Number of protein chains: 2
Amino acid sequence: MNTDAELDSKSVRTRKRVLAAAARVFRQQGYAAASLRQIADAADMQAGSLYYYFDGKEALAEAVMDRGVAEAQRSAEAAINRLDDAADEIDVIVAAFSGHLTYLLEEADFAVATLRMLQQTPDAVRTRHLKKQKAFGRFYGDLFDRARDAGLIDPFFDLSALRMLLLGALNWSPEWFDRRGLSADDLVAQLGRMLRSGLNG
Amino acid sequence: MNTDAELDSKSVRTRKRVLAAAARVFRQQGYAAASLRQIADAADMQAGSLYYYFDGKEALAEAVMDRGVAEAQRSAEAAINRLDDAADEIDVIVAAFSGHLTYLLEEADFAVATLRMLQQTPDAVRTRHLKKQKAFGRFYGDLFDRARDAGLIDPFFDLSALRMLLLGALNWSPEWFDRRGLSADDLVAQLGRMLRSGLNG
DNA sequence: GTCTATAGGTTGATAGAC
DNA sequence: GTCTATCAACCTATAGAC
């Protein structure tokens, strides 16, 4: 049994190495431009060997994207759980942004690869992925609903549009973020202040 | 002279047709996945014929991207010029967003193709393009500077970070915008209200 | 599990006829 | 100006040795 577990564990570890290599290459090149040879190279194997672990390029991309959204959501949830009891519903949204953005900006090959691949991926893959991503959308939707119900968001706002605009600000940030400037937390602070009271508050 | 102008004009017109076809295909497929055969098809010619008008795929992409930023900036400027004298410096920013976003969301093959291609394009092309895009960045930077100088943006804010976050919200919108929902103007109104007084103002 | 070898297809680009 | 034909390079995926 011990032996079995060890054999299994090695295979699982190699699979993870392949997936991480795929995320890194997909992140840098996007879906179409990334080649299986590059991915295999990054994982220290030959292109043909990848097929022992994954069915092909599409399956590899889908696995990366699945983990990308999962990790982003987990980071957002973890940040919410770190809040103390004094937090109001806007604090919850800002905390979710904080966890989400921090993950996106520091070593997040999976999530950034996911964002970059979304439009390039074959239809079947994209369709399946968007379904999974909708769960993440609902997670954020609930946070905004609660803030409105608590009277912290004016009824003027369309919560769906607001959510997409703000998530867009987050999703685009890997395109321009520079470690030498403001930190991820600083960025969220800017965003939080704007949400609380606008540019002049 | 008339004859010359007409001959010239036909060639120019064909070149424009090729460029528009390239923008359409690049927008849908991104840089790497788009093939010259698809572009030629969309322009009603054979792949080899493209080389009469452009030096190759990279040159085609660069021409699309140049026009993409130019059109976006022109739309933003035009919207500012339509403001009346009562407008304050925040109105100017919101107007720029309005022109920019409206262009981005309605038949803007060039600008959306530009956004999608940025990360995929070969280094030489990207480097040259980012230089041109910086001018657009400075344009927005000036608008924010003026709003701060007028006392309409609290010194708390880092104007560069703020600008990138908000432009990110715009740039990401083609990913999710749906004609059946809110209009581009509605979206800008949401953004404007948030900038003025926050979510609860 | 991982390799080598290769099939089968597509790509960007060029040459030359018309 | 536009076409056809073609090249060399590269791709994904598969087959079979080890």
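Quick note on labels: first sequence line is chain A, next is B, and so on, each numbered from 1. These numbers were taken from a predicted model, which means no experiment stands behind them.
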Could you tell me the separation between the [atom1] atom of [X] and the [atom2] atom of [N], rounded to a whole number of Å?
X     : N      : atom1 : atom2 : result
B:F26 : C:dT11 : CZ    : P     : 13 Å
A:Y52 : D:dT12 : OH    : P     : 22 Å
B:L36 : C:dA13 : CG    : P     : 6 Å
B:Y53 : C:dG12 : OH    : P     : 20 Å
B:R37 : D:dC3  : CZ    : P     : 14 Å
A:R13 : C:dG1  : CZ    : P     : 11 Å
A:I39 : D:dT12 : CD1   : C1'   : 11 Å
A:L50 : C:dC3  : CG    : C1'   : 12 Å

Please determine whether a side-chain nitrogen or oxygen atom of B:Q46 lies at a distance below 4.0 Å from atom OP1 or OP2 of D:dT2. no
Given D:dG1, is OP1 or OP2 found less than 4.0 Å from the side-chain N or O atoms of B:S11? yes
Of A:S49 and B:R17, whose closest DNA chain D nucleotide lies nearer the 5' terminus? B:R17
With side chains defined as the heavy atoms from C-beta onward, is the minimum distance between A:D185 and A:T102 less than 4.5 Å? yes
Under 4.0 Å between any heavy atoms, over every strand shown, what does B:A34 touch: base, sugar-phosphate, or nothing? Just pick one. sugar-phosphate
Under 4.0 Å between any heavy atoms, over every strand shown, what does A:G56 touch: base, sugar-phosphate, or nothing? Just pick one. sugar-phosphate
For the residue pair A:F97 and A:F144, does the interplanar ring angle fall in the parallel (under 30°), tilted (30 to 60°) or perpendicular (over 60°) class? tilted
Under 3.5 Å: donor-acceptor pair, side chain of A:R37, backbone of A:A47: no
Ignoring hydrogens and geometry beyond distance, is a side-chain donor-acceptor pair present between B:E175 and A:Q119 at under 3.5 Å? yes
